[in-house]
Amino acid sequence: MPKVPDNTLTQPDPGRWKALVFIALAQLMVVLDATIVNIALPSAQQDLGISDGNRQWVITAYALAFGGLLLFGGRIADLWGRKRTFVVGLIGFALASALGGAATGEAMMLGARALQGAFGALLAPAALSLLAVTFTDAKERAKAFGIYGAIAGGGGAVGLILGGFLTEYLNWRWTFFVNIPFAVVAAVGAYLVVREPAGSRNRSTLDIPGVILSTLGLVALVYGFTRAESEGWSDAGTIGMFVSSAVLLAAFVLTEAKVKSPLLPLRVLTDRNRGGVYLSLGLAVISMFGLFLFLTYYLQVVKGYSPVMTGFAFLPMIAGMIIGSTQIGTRLMTRVPPRLLMAPGFLTAGVGMLLLTQLEIGTSYAGLILPAQLLLGLGMGTAFMPAMSLATHGVDPRDAGVASAMVNTSQQVGGAIGTALLNTIAASATTAYLTDHAAGATTPAAQRLLQLQGMVEGYTAAIWWAVGILVASAVIAFTLINTGKPEMGVVAGSGEGAEDELKVPVIAH
C-alpha cells in the first residue's frame, strides 16, 4: 500500500506568519551588526585606547568568527534542531553585545566581537532554514522570502542609519546595546510561536575533521583578504593565508567525499542551481559591500555629511530593495523561472552602479546618487529574493541548516573580498592620480582639492570593477540556473533516512 503522508507535515503551520516576524527580526539584527559598528568605530577607538594598527580587528574579529563557523553552525542547527539553535544563538548574541557595550579595553572589545560572530554563525543558518521548512506553499514561500530577501539585502544600509543616529545623539556603546532588545523579543517570540516540522533533524554523528578543516580554511580565506587590504597583495603573510586556505578547503572537500556523515554533503554544492545561486550571490555581495564603504566615505569626507545624514542618504537603496523583493520578486516568482528575475535584477543593479562611475566632487545627490541607489536597490531586491528561496530549495530537510549556512558563507566571504579587493583598487587609483597631479597643487587649498579629487578618482575606478562583477553575476545566474517556475506538489526527501514526505514547491524543469 502507498504511504499516506502525515497530516502534521502536509498541513501548514498556523503560526507561520507570526514566526516570520521573529525570524526576520533576528536576521535584521545579524545583518545590520555587520555595518552598524563601522560608523561608531572612531569613537570607540578613542575611548578604549585601541591603536590604529589594531582597530581593524574590531571588524575583522566579527567577520572571522562569523564566516569561519557558519558551516558548523548550520550543521548544529540540523543536529540540535533549528528552533533550539535559533534561540540559543539569540541569547548568546545578546550577551556578547552586552559585553561589547560594556567594554573597558581593547581585549574585552575584541573578545565580544568574536563572540558576536560565533553566535551569529549559529543564528543565521538556523533562521534561513526555519524559513525554508516553515513556508512550503509556493505563493506563501514567495512572500516570506521576499521579506527575508529585502532584510538580507537592505540590513547593511539600515545599520549605517542606525549607527549614525546612535553615535551622534547617544554614544557608540548603544550600537551594541541596541541588539539586546532585538534579541530578547526575537528569542521569546520564537520560543512561543516557531514550530519546527517533525522528522527534519539530522541526527547523524558530527564530522569533526570537516568542522576543523572548514573552519580553519574559511578563517584563513577571510583573514587573507582582510590582511591584503592593510598589508598588500604581495605581502608574504597574505600569500601564506591564501595558500593555507586553498590547501585546507581542498582537504575539506576530499574529506567530505569520503566520510559517512559529512558536515557539508557535496550534493548540496554540486546541484547546478544551488551552485549558481551561491556563486552569483557571493559575487554580487562583493560589489555591494565595496559600494557601502565608498559611498559612506564620499558622503562624509567629500560632501561633508554628518553620520546621521549619511545614514539617511542610503534610504533610497533600502526603499528600492523592499520594493524589488516584496513587490517585483514576490509577484513574479511563481510566474517566471528564477533566472529571469536574478539575471535582470543583477543587470539593473549594474546600471545603477554604472551611474556612480560618473561621481565628481560637485555631483548632485538628487541628480545622480539618488537614482543610482534606487536602481541598485530595485535590482538587488529583485535578485536576492528568488536567490534566497532557491538556495534552500530541493534539499533534504535534514540538510536545510547546512544549505542555509552556504548562503550566509557566500555572502560573508563575498563581503570580506569586496571590502579588501575594491578598497585596494581604489587606493591604487588614488595614489596614481595624486602622483600625476601633485606638481600643480602649490597652495593648501589646491592640495586639499587634489586630495578630494584623488579620493573620488579612486572610488570611480573601483566602482567600474563593481559594474563588471555585477555583469558576471548576471551571466552566471542566467547560464547555471535552469529551473522553471515553482509548481506545487508532494515530494519525498532525497537524503539518507528521508522517509517523511513534505508538501513543498517543486521546481519544473
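Positions are given from 1, in the same order as the sequence printed here. On a predicted model such as this, the values are computed, not experimentally measured, just so you know.
Every residue two or more places apart in sequence or in another chain that forms a ring pair (Phe, Tyr, Trp, His ring centres under 6.0 Å) with Phe66 is listed here: Tyr62. Checked against ring pair (Phe, Tyr, Trp, His ring centres under 6.0 Å), Phe182 has no partners two or more places apart in sequence or in another chain. Under the ring pair (Phe, Tyr, Trp, His ring centres under 6.0 Å) criterion, Phe478 pairs with no residue at all, not counting sequence neighbours.
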Can you check side chain to side chain contact (heavy atoms under 4.5 Å, CB included) on Tyr305 and Tyr365, steps first, answer last? CA-CA 11 Å; Tyr305 285 22; Tyr365 176 83; 3.7 Å; yes

Residue pair Glu360, Glu457: steps toward the side chain to side chain contact (heavy atoms under 4.5 Å, CB included) verdict: CA-CA 8 Å; Glu360 296 175 355; Glu457 191 72 20; over 6 Å; no

Could you walk me through whether Leu470 and Leu347 pass the side chain to side chain contact (heavy atoms under 4.5 Å, CB included) check? CA-CA 7 Å; Leu470 282 172; Leu347 288 176; over 6 Å; no

Could you go through Thr363 and Gln358, starting from their C-alpha distance and side-chain angles, then the distance that decides it, and tell me whether this counts as side chain to side chain contact (heavy atoms under 4.5 Å, CB included)? CA-CA 8 Å; Thr363 292; Gln358 306 305 307; over 6 Å; no

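The shortest distance between side-chain heavy atoms of Gln451 and Leu434 falls below 4.5 Å. Counting heavy atoms from C-beta on, the side chains of Ile318 and Leu315 come closer than 4.5 Å. Between Trp172 and Gln46, every side-chain heavy-atom pair lies at or beyond the 4.5 Å cut-off. Leu166 has its side chain out of reach of Asn171: every pair of non-hydrogen atoms, C-beta onward, lies at least 4.5 Å apart.
Among Leu359, Leu355, Leu354, the single residue meeting the side-chain contact (heavy atoms from CB on, under 4.5 Å) criterion with Thr357 is Leu354.
Taking each heavy atom of Pro338 and Ile481 in turn, the nearest pair found is CB-CG2, 4.4 Å. Thr430 and Gly458 make their closest contact through OG1-CA, 3.4 Å (heavy atoms, listed as atom of the first residue, atom of the second, distance). Asn273 and Asn482 get closest at one heavy-atom pair: OD1-N, 2.8 Å. For the pair Ala94 and Ile180, the tightest heavy-atom approach, listed with the atom from each and the gap, is O-CG1, 3.8 Å. Of all non-hydrogen atoms in Lys303 and Ile361, the two that sit nearest each other are NZ-O, 3.5 Å. Pairing each heavy atom of Ala462 with each of Ile425, the nearest pair is CA-CG2, 3.9 Å.
Taken to the nearest 0.5 Å, the CG atom of Asp235 stands 10.0 Å off from the CE atom of Met241. Rounded to the nearest 0.5 Å, atoms OG1 (Thr175) and CG (Leu170) are 10.5 Å apart. Here Met321 contributes atom CE and Phe314 contributes atom CZ; the two are 10.5 Å apart, rounded to the nearest 0.5 Å. Atom CD1 of Ile469 is separated from atom CE of Met288 by 12.5 Å, given to the nearest 0.5 angstrom. Between Ser245 atom OG and Leu218 atom CG the span is 7.0 Å, to the nearest 0.5 Å. Distance check: Thr443 OG1 to Gln447 CD gives 6.5 Å after rounding to the nearest 0.5 Å.
Heavy-atom contacts from other residues, nucleotides or ligands closer than 6.0 Å to CZ of Phe177 number more than 12. For Arg272, the CZ atom counts as densely surrounded, since its 6.0 Å shell holds more than 12 non-hydrogen atoms of other residues, nucleotides or ligands.
A side-chain N or O of Arg113 and one of Gln116 form a donor-acceptor pair less than 3.5 Å apart. With no hydrogens or angles considered, no side-chain donor-acceptor pair links Trp233 and Thr238 at under 3.5 Å.
Taking the six-membered ring for Trp and the full ring otherwise, Phe294 and Tyr459 have centroids separated by under 6.0 Å.
Contacts classified as side chain to side chain donor-acceptor pair (under 3.5 Å) and involving residues 176-185 (residues at least two apart or in different chains) are given here: Asp33-Asn179, Ser97-Asn179.
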Could you tabulate the donor-acceptor pairs under 3.5 Å formed by side-chain atoms of residues 274-286, not counting sequence neighbours?
from: Arg274; atom 1: NE; to: Val268; atom 2: O; distance (Å): 3.1
from: Arg274; atom 1: NH1; to: His393; atom 2: O; distance (Å): 3.0
from: Arg274; atom 1: NH2; to: Arg267; atom 2: O; distance (Å): 3.2
from: Tyr278; atom 1: OH; to: Ala391; atom 2: O; distance (Å): 3.4
from: Tyr278; atom 1: OH; to: Ala403; atom 2: O; distance (Å): 3.2
from: Ser280; atom 1: OG; to: Gly276; atom 2: O; distance (Å): 2.8
from: Ser280; atom 1: OG; to: Val277; atom 2: O; distance (Å): 3.4

Side-chain donor-acceptor contacts of residues 366-382 below 3.5 Å, not counting sequence neighbours, with atom names and distances?
from: Gln373; atom 1: NE2; to: Ala313; atom 2: O; distance (Å): 2.8
from: Thr382; atom 1: OG1; to: Leu378; atom 2: O; distance (Å): 2.7

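The aromatic rings of Tyr433 and His437 sit parallel, their planes meeting at an angle under 30°, below the 60° perpendicular limit.
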